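Please read the structure below before turning to the comments.
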Number of protein chains: 2
Amino acid sequence: MVSARTSSDPARDIPEATVARLPVYLRALTTLVDAGTSTCSSEELAQAAGVNSAKLRKDLSYLGSYGTRGVGYDVEYLRYQIAREIGVTQDWPVVIVGIGNLGHALANYSGFRSRGFRVVALLDADPRRHQEAVAGVVVRPFADLERIVEEQDVAIGVIATPAVASQDVADRMVAAGITSILNFAPSVLAVPDGVDVRKVDLSIELQILAYHEQRKSSAAEVIA
Amino acid sequence: MVSARTSSDPARDIPEATVARLPVYLRALTTLVDAGTSTCSSEELAQAAGVNSAKLRKDLSYLGSYGTRGVGYDVEYLRYQIAREIGVTQDWPVVIVGIGNLGHALANYSGFRSRGFRVVALLDADPRRHQEAVAGVVVRPFADLERIVEEQDVAIGVIATPAVASQDVADRMVAAGITSILNFAPSVLAVPDGVDVRKVDLSIELQILAYHEQRKSSAAEVIA
DNA sequence: AGAAGTTTGTGAACGCGAGAACAAACTCGT
DNA sequence: ACGAGTTTGTTCTCGCGTTCACAAACTTCT
Ligand SMILES: NC(=O)c1ccc[n+]([C@@H]2O[C@H](COP(=O)([O-])OP(=O)(O)OC[C@H]3O[C@@H](n4cnc5c(N)ncnc54)[C@H](O)[C@@H]3O)[C@@H](O)[C@H]2O)c1
Ligand SMILES: NC(=O)c1ccc[n+]([C@@H]2O[C@H](COP(=O)([O-])OP(=O)(O)OC[C@H]3O[C@@H](n4cnc5c(N)ncnc54)[C@H](O)[C@@H]3O)[C@@H](O)[C@H]2O)c1
């Protein structure tokens, strides 16, 4: 049989830098749709997304030719195409492990649902957390992980445990069949090939800011 | 007068990619110190930080020559040098604006203090939040921003408000004298030159994972 | 002291991403 | 129908970051 992929969707590999920007474009387009805009130019969209218009056009060109020269892009249509390319036209089931300070905030976060994700389970090792419901989802024992992942076909896991527990949690997730992990713990996770890990690290972000802040002060000193 | 900078600290500009990794090295070194390690090779440290050893050595070479050939690095000494380079040998005062779900988690986060930052104020526009204390710090009116920034000489601000409010908050922060912003709201902030903005965006991270996850599934289909 | 072994620091090659610049393709007015 | 104006898609160039590979510098053993 011939490949099921359409001509507009060959298995081309989109540069990683572009992939990281597509969600930004998606959000900018959603904002435009909500504002009732039906068409926009690369210049307008680029401004809304905070990037250079040449870069935007180049990024979009990896997806296909969805614009019209002399006119611009159909906002609704482009939004759907990007959502499809990212894979958020349907909801992805997600489990969150570690329902402490941060886990609670994540579980309460309404932006999940509206952006292509659905929290199907909240897990914690501490029995005192169990039975509590956060945003309508009950906190369950960590031991339930394997069953939930299998039953609900979960591919994405979020780790919000202390750093010391994060590698163990990741190992269990991978063994259970999870292949994408978002790690909020300040740790470096080791995972097998084929498993993607992204990390969100507050301290690192602040320290990067601190570095530049320090340079600003010393630059000021030189002038003074 | 001759420049106050020492020969080991010329105003060389460290590549941005390296700056982003220094905090990772710092954390790995702190872990090693806690484990009682006194010396380590670039290979060991690179493994702990999750990077290639050649990259680690090149990164460190921008700071100076702090290793000993044939031996490796003195863990404690290197840790101090990196902390000094980043600028976290003293604490930076930080204000957090928007004490909702996420703001509470951030305010309760103990990792701030241990990594070079000190939360000096929690601000929220909603009067019902005021007077509440989170981790020993009282939530105060957003209108207090200017006074606090001036009195405590705050350079770094964290935004944890809804997206619609984030630009207004950023404008007020900049006007008050803040020059580094960490933005948790899903928005693109416009700020003047000289002000640094970094963003942490949960949805973007998840969507990047979703993109790769989708590719994994379609790759599996091709095989099947 | 000297040879063998170890590990750092860096020069050089390579690949990817950013941005400028322009031809192609479309709309609109006449 | 045709020219003027607009905006996309793409080519080309440049700079940055990654990685390899190796000389320099140190330790250890004989
Ligand atoms: N709170 C923040 O704003 C913040 C910011 C940045 C990073 N972090 C990081 O996020 C993580 C969580 O932070 P927090 O403030 O929510 O901590 P927390 O201590 O409040 O919550 C951690 C939760 O994980 C659970 N847990 C511990 N071990 C577990 C295991 N093996 N399996 C399942 N659950 C387990 C605990 O029972 C607890 O409920 C930490 O690694 C922290 O460094 C937090
Ligand atoms: N909760 C999460 O896990 C999470 C995850 C990712 C991103 N975010 C983003 O972080 C932000 C905060 O999320 P949240 O869940 O804490 O929301 P939230 O509604 O619980 O809290 C927002 C807080 O900001 C305050 N606020 C509103 N306008 C303000 C203003 N102009 N000045 C000062 N304070 C103001 C509100 O009073 C409220 O207390 C949102 O932009 C959200 O999209 C949250």
Side-chain angles (χ1 to χ4, degrees), chain A residues 7-10 12-25 28-29 32 37-79 81-82 85 208 211-212, chain B residues 7-10 12-25 28-29 32 37-75 77-79 81-82 85 188 208 211-212:
Chain A
S7 61
S8 68
D9 187 19
R12 57 189 133 37
D13 42 332
I14 297 178
E16 195 55 36
T18 297
V19 171
R21 282 187 295 267
L22 290 180
V24 181
Y25 304 152
L29 287 165
L32 288 174
T37 314
S38 64
T39 291
C40 74
S41 68
S42 63
E43 193 62 53
E44 292 171 284
L45 183 53
Q47 185 142 16
V51 301
N52 174 306
S53 70
K55 182 152 57 177
L56 171 77
R57 288 199 299 278
K58 176 166 257 188
D59 284 341
L60 295 184
S61 76
Y62 291 114
L63 314 191
S65 268
Y66 295 136
T68 310
R69 299 176 189 213
V71 178
Y73 300 93
D74 180 303
V75 174
E76 184 78 58
Y77 179 63
L78 181 59
R79 199 190 68 86
Q81 293 300 337
I82 293 181
E85 190 71 39
I208 294 171
Y211 170 80
H212 293 295
Chain B
S7 61
S8 67
D9 187 19
R12 55 187 135 36
D13 41 334
I14 297 178
E16 195 53 37
T18 297
V19 171
R21 282 187 295 267
L22 290 181
V24 180
Y25 304 153
L29 287 164
L32 288 175
T37 313
S38 63
T39 293
C40 75
S41 67
S42 63
E43 193 62 56
E44 293 170 284
L45 183 53
Q47 185 142 18
V51 302
N52 173 308
S53 70
K55 181 151 55 179
L56 170 77
R57 286 200 301 276
K58 175 146 272 190
D59 283 342
L60 295 185
S61 76
Y62 291 114
L63 314 190
S65 268
Y66 295 137
T68 309
R69 298 176 188 212
V71 179
Y73 300 92
D74 181 302
V75 174
Y77 179 65
L78 182 59
R79 197 189 70 86
Q81 293 300 338
I82 292 180
E85 190 71 41
V188 177
I208 294 171
Y211 169 81
H212 292 295

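The basis for the numbers below is simple: all heavy atoms, side chains too, and nothing from hydrogens, waters or symmetry mates. Small disclaimer: the values here were computed from a predicted structure and weren't measured. Proteins come first, then strands; the chains are lettered A, B, ... in the order of their sequence lines, and each starts at number 1.
Computed from coordinates, the B:Asp59 CG to D:dC16 P distance equals 16 Å when rounded to whole Å. Across the protein-nucleic acid pair, B:Asn52 atom CG and D:dG17 atom P stand 16 Å apart, rounded to whole Å.
A side chain to side chain donor-acceptor pair (under 3.5 Å) with B:Ser42 is found for exactly one of B:Lys58, B:Lys55, B:Arg57, namely B:Arg57.
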Show each protein N/O and nucleotides 1-4 of chain D N/O combination with a separation under 3.5 Å, one pair to a line.
none

Could you go through nucleotides 9-11 of chain D and list every protein N or O atom that sits under 3.5 Å from one of its N or O atoms, giving the distance for each pair?
unit_1: D:dG9; atom_1: OP1; unit_2: A:Tyr66; atom_2: N; d: 3.4
unit_1: D:dG9; atom_1: OP1; unit_2: A:Gly67; atom_2: N; d: 3.0
unit_1: D:dG9; atom_1: OP2; unit_2: A:Tyr73; atom_2: OH; d: 2.7
unit_1: D:dG9; atom_1: O4'; unit_2: A:Arg69; atom_2: NH2; d: 2.9
unit_1: D:dG9; atom_1: N7; unit_2: A:Arg57; atom_2: NE; d: 3.1
unit_1: D:dG9; atom_1: O6; unit_2: A:Arg57; atom_2: NH2; d: 3.2

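When all heavy atoms of A:Leu45 and A:Leu56 are compared, the pair lying nearest together is CB-CD2, 3.8 Å. Heavy atoms only, all atoms of each residue included: B:Ser53 and B:Ala46 are closest at CA-CB, 3.5 Å.
Considering only heavy atoms from C-beta on, B:Ile14 comes within 4.5 Å of A:Tyr211 through its side chain. Here the side chains of A:Ile82 and A:Leu60 are in contact, with some heavy-atom distance below 4.5 Å. Contact of the A:Val51 side chain with the A:Arg21 side chain is registered, since non-hydrogen atoms from C-beta on lie closer than 4.5 Å.
In 5' to 3' order, the nucleotides of DNA chain C bounding all contacts with chain A (an atom under 4.0 Å from a heavy atom) are C:dG17 to C:dT27.
Considering OH of B:Tyr66 and CD of B:Glu85, their distance stands at 6.5 Å, rounded to 0.5 Å. A distance of 8.5 Å separates OG1 of A:Thr18 from CG of A:Leu63, quoted to the nearest 0.5 Å.
Where B:Gly70 and A:Lys55 each meet DNA chain C at their nearest nucleotide, the meeting point lying more 5' is that of B:Gly70.
The local environment of CD in A:Gln47 is sparse, with at most 12 non-hydrogen atoms from other residues, nucleotides or ligands closer than 6.0 Å.
Note on B:Glu43: nothing from the nucleic acid sits closer than 4.0 angstrom, heavy atoms only.
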